[in-house]
2 protein chains.
Amino acid sequence: MKQLETLEFIEAIARAGSIRGAADSLSLTSTALNRRLLALEEELGAPVFERLPRGVRLSPAGELLIHHIRQQRADLDRVRSQIADLKGERRGHVKVACSQALLPYFMPHEINAYRAEHPKVTFEVNLRDRYRAEQALVTHAADIALVFEPVRLADVQVLATAPQPVHVVMVRDHPLAAKPVLRLSDLVGYPIGMPSEEFGVRYLLDLAMRRSAIRITPQIVSDSFEFLRSYPGPELMLTFQIPIGLPAQDSGPEAFVSRPVDTRDVPAGLLYLAQMRGRTLPVAAANFARQLARALDAASDGPVRPGP
Amino acid sequence: MKQLETLEFIEAIARAGSIRGAADSLSLTSTALNRRLLALEEELGAPVFERLPRGVRLSPAGELLIHHIRQQRADLDRVRSQIADLKGERRGHVKVACSQALLPYFMPHEINAYRAEHPKVTFEVNLRDRYRAEQALVTHAADIALVFEPVRLADVQVLATAPQPVHVVMVRDHPLAAKPVLRLSDLVGYPIGMPSEEFGVRYLLDLAMRRSAIRITPQIVSDSFEFLRSYPGPELMLTFQIPIGLPAQDSGPEAFVSRPVDTRDVPAGLLYLAQMRGRTLPVAAANFARQLARALDAASDGPVRPGP
DNA sequence: GCATTGCGGTGCGTTTTTTGCAGCAGTCAG
DNA sequence: CTGACTGCTGCAAAAAACGCACCGCAATGC
């Protein structure tokens, strides 16, 4: 959009940290970019960047401006989306930031279902930990976020929640697989693989252990559930996951099974569907969010995973 | 601001109802303006205006766009204001829409007090009836509104309220001036001048009469309180006003006095200070609104007008 | 019923704005 | 000191915006 071109350029400079760097990434000369910046600062009556010997950095005024720019662009996107919608074109682009647990089953399934009805809607799904998911909403890098145990929920609006008790994942013939529900004390003595600290599951486990005498020390810590899940085979290792990140219990010859941890030991966490507070979402994003909210409600109404 | 120039032009076309008309008011050729419009519609992928034989009219897409334009401009104004503020320049421009009663005493006094501290802040005060004051907030034609008995308060956020009992205004030596509080029945038989129906005072009186047997038929109806106030001299005519639109009771040799109507007959109305819901006001407007809120609180805490 | 008026849109030459190149002074790492 | 990097500035070329004259069209006035 021609209107916001200069403002986009400003954001590019902020990202690059230098005018010349941004100019390269924009396929422009530094001259042109520099002059646009100077003209804008002239109009604003205040410098947008502090000039450093090695580049530029946003000034306080620039911080205000960059916020404004992001909002302007998001607003314009929304208007364009609404206009396209009233032309009957059910197209659009939805940006989702979500926790890891949503990636293997939930998000693919939901997006697939949505695209079956609206094939012209495109998606962008980004893995963001609980803190950065909220940041993504604020900077308009994401339209909606699905986060397990978010950090603070400031500036965001909750659209739906679903309780998610922590499950232990193990190989099918693990001794503990015999029990339908596990106590924390059951786990002592087995090798443990834990997600790293930025994850909600880890947060809940740390919280639980702080309140009890039981200490579970992980042999493996990783920020990749993929890795943790692939690892346990040889060692009978236990790892953790929430139901929405697990396959249906009876879905054929899975190598792994999961058992819930007793909620007296580790309380169930909450999965949040959220958008930025006060923002009107583009049509496609709003509709998709509505679908997700229904799916989460359905997941928490019935038994989360019907046991055997 | 260069960024929004085209969008401003679009709004001008919407106002003028024709491209050529808008071009004249913008000191442009219709050619240039027309081409900008065509380019924008190209970018949007939808016509912004319906072409009529005698000009243009906003299309549905245009309605969405014009809303966006107004919001963009208001947002940009706010950012500029914030930037100016952090430079220490306490300048700015505040647009107020208010009911008639605020014009003679309250607004001049408050603006004067504010400008005493911030001389670089300029003001724009527009008389808007209860319906149009809310409209002004929504279209960003006003930053804040002070309305007596607003219509519906949708899309607006109330910052403060002050109760305002209806007063009867009369010449100093009017027979009714002897009573400290008037009943509605006291007024029967005297000539009456009433504000027209768009005013909150009239709304309250009509409401009261609908609930009682007493009928007060006005001899004079006017949308100008100035006129009504100037009229009563020769005829002992009674007219109505709320305290905030009246001089202090004991302020020297006024020709007129006022007496409250018993609130059992006519309930006190509410004066609302409001802004648009969800909007962050420019610095100057926000500060002025805070001052007004204090003034209204003070007015309703103590006795509204200390009697003799 | 026909000329007039005002409308949105278009081709073309001109004016204004933007861009790119070359080069300046300054800072920092090695 | 050297070399690489920064933001910034004349000056000429390229690009975009503009204004004029004009077209087709529909409503209006007489």
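So that the names make sense, note that chain A is the first sequence line, chain B the second, and so on, each numbered from 1. All values reported here derive from a predicted model rather than from experimental measurement.
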Charged N to carboxylate O below 4.0 Å: is that the case for [X] and [Y]?
X      : Y      : answer
B/E41  : B/R51  : yes
A/E43  : B/K2   : no
B/D143 : B/R279 : yes
A/R90  : A/E117 : no
B/R73  : B/E8   : yes
B/R128 : B/E134 : no
B/D206 : B/R202 : yes
A/D77  : A/R80  : no
B/E89  : B/K120 : no

Any protein N or O atoms within reach of nucleotides 11-14 of chain C? Criterion: under 3.5 Å, listing atom names and distances.
| residue | atom | partner | partner atom | Å |
| --- | --- | --- | --- | --- |
| C/dG11 | O6 | B/R35 | NH2 | 3.3 |
| C/dC12 | N4 | B/R35 | NH2 | 3.2 |

With A/Q291 via side-chain contact (heavy atoms from CB on, under 4.5 Å) - residues at least two apart:
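With sequence neighbours excluded, A/Q291 shows a side-chain contact (heavy atoms from CB on, under 4.5 Å) to A/E110, A/A113, A/Y114, A/F288, A/R294, given in chain and number order.
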Partners meeting side-chain contact (heavy atoms from CB on, under 4.5 Å) with A/A14 (sequence neighbours left out):
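A/A14: side-chain contact (heavy atoms from CB on, under 4.5 Å) contacts with A/F49, A/L58, A/I66.
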Contacting residues from [range], given that a heavy atom lies under 4.0 angstrom of DNA chain C:
range                     : result
residues 52-62 of chain B : B/R54, B/G55, B/V56
residues 5-28 of chain B  : B/S18, B/I19, B/R20
residues 36-49 of chain A : A/R36

For the ring pair A/F199 and A/F225, is the centre-to-centre distance below 6.0 Å?
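Ring centroids of A/F199 and A/F225 are less than 6.0 Å from each other.
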Taking only side-chain nitrogens and oxygens of B/R51, does any of them come within less than 4.0 Å of OP1 or OP2 of D/dA26?
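Answer is no, no contact under 4.0 Å.
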Counting only side-chain nitrogens and oxygens, does B/K2 get under 4.0 Å of the OP1 or OP2 atom of C/dT16?
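For C/dT16, OP1/OP2 do not have a side-chain N/O of B/K2 under 4.0 Å.
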Figure out the CG/P separation between A/L33 and C/dT19, and round it to whole Å.
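So the two atoms are 9 Å apart, to the nearest Å.
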Rounded to the nearest Å, what distance is computed from the CG atom of residue A/N34 to the C1' atom of nucleotide C/dT18?
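For the pair A/N34 CG and C/dT18 C1', the rounded distance is 13 Å.
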Between NZ on residue A/K95 and CD on residue A/E124, distance to nearest 0.5 Å:
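If we round to the nearest 0.5 Å, A/K95:NZ and A/E124:CD are 6.5 Å apart.
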